[in-house]
Novice: 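Please see the structure below; I have some questions.
Below, each value reflects all heavy atoms present in this structure, side chains not excepted, and no hydrogens, waters or symmetry copies.
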Amino acid sequence: MKNMRRRKIVSSVALNVVIAVLAMLWLVPVFWLVVSSFRAEQGAYTSYLWPKSFTFGNYVRLFTDRKLFDFPRWFGNTMLVAGCSCAITTILVLMVAYVYSRLRFPSRKFLIMSIIAIYHFMKAVSLDQTLLALILVYSGGAALNYYIAKGYFDTIPRSLDEAAILDGATNSTIFWKIILPNA
């Protein structure tokens, strides 16, 4: 009994040491990157590790000097794509999960997406190399996460659907006014 307890403690300590070492391996480059971003010296490479002086000027220049990089526009594009993709994906995931959870239809088991076909479609309608194409592809690809929401919808009692149908509700009404508020 003592041997087993000792082994358990040793393995726990060893695991924690490994996790701590891995955390340090991950955190040191992040720390170095943050410290370097405040470095007042010119250039990306210096022969010393710790900066001799610090400044916020790098960040001011990043957002104001558009001669070399148009960072505010890049940042705005990223926020636009992320926001639109998030909203569209949330709506798609919830609707697809509801359909797969509650409705039965013949091709329900077959869900196939082809990235090549999507690219050729985008190119055919002149949407390749655009932010709209990026939003659509991100949203469509992320919509496959419906399976997580479907599992949750499966836990909501079907008696709610049946009661709503008896009261004359459509599938759309059941989704928007009963299932989503309960979820």
Novice: Is there a path of hydrophobic side-chain contacts, each under 4.5 Å between heavy atoms of I, L, V, M, F, W or Y residues, that connects L180 with I156?
Specialist: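 L180 clusters together with I156.
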Novice: Quick one, D65 with F71, criterion side chain to side chain contact (heavy atoms under 4.5 Å, CB included). Give me CA distance, side-chain angles, the key distance, then yes/no.
Specialist: CA-CA 9 Å; D65 185 9; F71 185 78; over 6 Å; no
Novice: Anything under 30° is parallel, anything over 60° is perpendicular, the rest tilted; go ahead and classify F38 against Y59.
Specialist: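 Plane angle between 30° and 60°, so tilted.
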Novice: Walk me through it: do T130 and L127 pass the test side chain to side chain contact (heavy atoms under 4.5 Å, CB included)?
Specialist: CA-CA 6 Å; T130 64; L127 279 179; 4.1 Å; yes
Novice: Do any N or O atoms from the side chain of T89 and from the backbone of S85 form a donor-acceptor pair under 3.5 angstrom?
Specialist: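 Between the backbone of S85 and the side chain of T89 there is a qualifying donor-acceptor contact (under 3.5 Å).
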Novice: Would you find more than 12 non-hydrogen atoms of other residues, nucleotides or ligands less than 6.0 Å from W26 atom CH2?
Specialist: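 At most 12 heavy atoms, drawn from other residues, nucleotides or ligands, come within 6.0 Å of this atom.
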Novice: Check the hydrophobic clustering (I, L, V, M, F, W, Y; side-chain heavy atoms under 4.5 Å; chains of links allowed) and say if L15 and M24 are grouped together.
Specialist: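 Hydrophobic grouping puts L15 apart from M24.
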Novice: Which residue, I88, L94, L92, forms the side-chain contact (heavy atoms from CB on, under 4.5 Å) with T90?
Specialist: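 Going through I88, L94, L92 one by one, the side-chain contact (heavy atoms from CB on, under 4.5 Å) with T90 is satisfied by L94 alone.
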Novice: Tell me the closest heavy-atom pair linking K52 and E41, and the distance in Å.
Specialist: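 Reported closest heavy-atom pair: N-OE2, 2.8 Å.
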Novice: With a 6.0 Å cut-off (strictly less than), is the heavy-atom count around CZ of R73, excluding the residue itself, greater than 12?
Specialist: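 Open: at most 12 neighbouring heavy atoms sit under 6.0 Å from CZ of R73.
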Novice: For N58 versus R39, what's the shortest heavy-atom pair and its separation?
Specialist: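 Taking N58 first and R39 second, the nearest heavy atoms are ND2-O, 2.9 Å.
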Novice: With clusters defined by side-chain heavy atoms of hydrophobic residues (ILVMFWY) lying less than 4.5 Å apart, directly or transitively, does M4 cluster with I9?
Specialist: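 No, because I9 and M4 fall into different hydrophobic clusters, even though each may have its own neighbours under 4.5 Å.
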Novice: Got I174 and L160 here, is their nearest side-chain heavy-atom distance under 4.5 Å?
Specialist: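 No, their side chains stay 4.5 Å or more apart.
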Novice: Same cluster or not: are F69 and F75 linked, directly or through other Ile, Leu, Val, Met, Phe, Trp or Tyr residues, by side-chain heavy atoms under 4.5 angstrom apart?
Specialist: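 Yes, F69 connects to F75 through the hydrophobic network.
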Novice: Can you confirm whether more than 12 heavy atoms, excluding those of F56, are under 6.0 Å from its CZ atom?
Specialist: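 Not more than 12 within 6.0 Å, no.
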Novice: Can you tell me how the ring of F175 sits relative to the ring of Y98, calling it parallel under 30°, perpendicular over 60° and tilted otherwise?
Specialist: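 Tilted, since the angle between the ring planes falls between 30° and 60°.
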Novice: Is there a donor-acceptor pair closer than 3.5 Å between any side-chain N or O of S12 and the backbone N or O of K8?
Specialist: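 Side chain of S12 to backbone of K8: no pair is present.
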Novice: I need the minimum non-hydrogen distance between W176 and M95, along with the two atoms involved.
Specialist: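 Looks like CZ2-SD, 4.1 Å.
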Novice: Over all heavy atoms of both residues, which pair between T55 and A40 is shortest? Give the atoms and the distance, please.
Specialist: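 Nearest pair, atom of T55 first, then A40: CG2-CA, 3.6 Å.
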Novice: Among the clusters formed by ILVMFWY side chains lying less than 4.5 Å apart, do V34 and L25 turn up in the same one?
Specialist: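 Not linked; separate clusters.
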Novice: Could you state the interatomic distance from CG (N171) to CD1 (I165), rounded to the nearest 0.5 Å?
Specialist: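 One gets 6.0 Å once the value is rounded to the nearest 0.5 Å.
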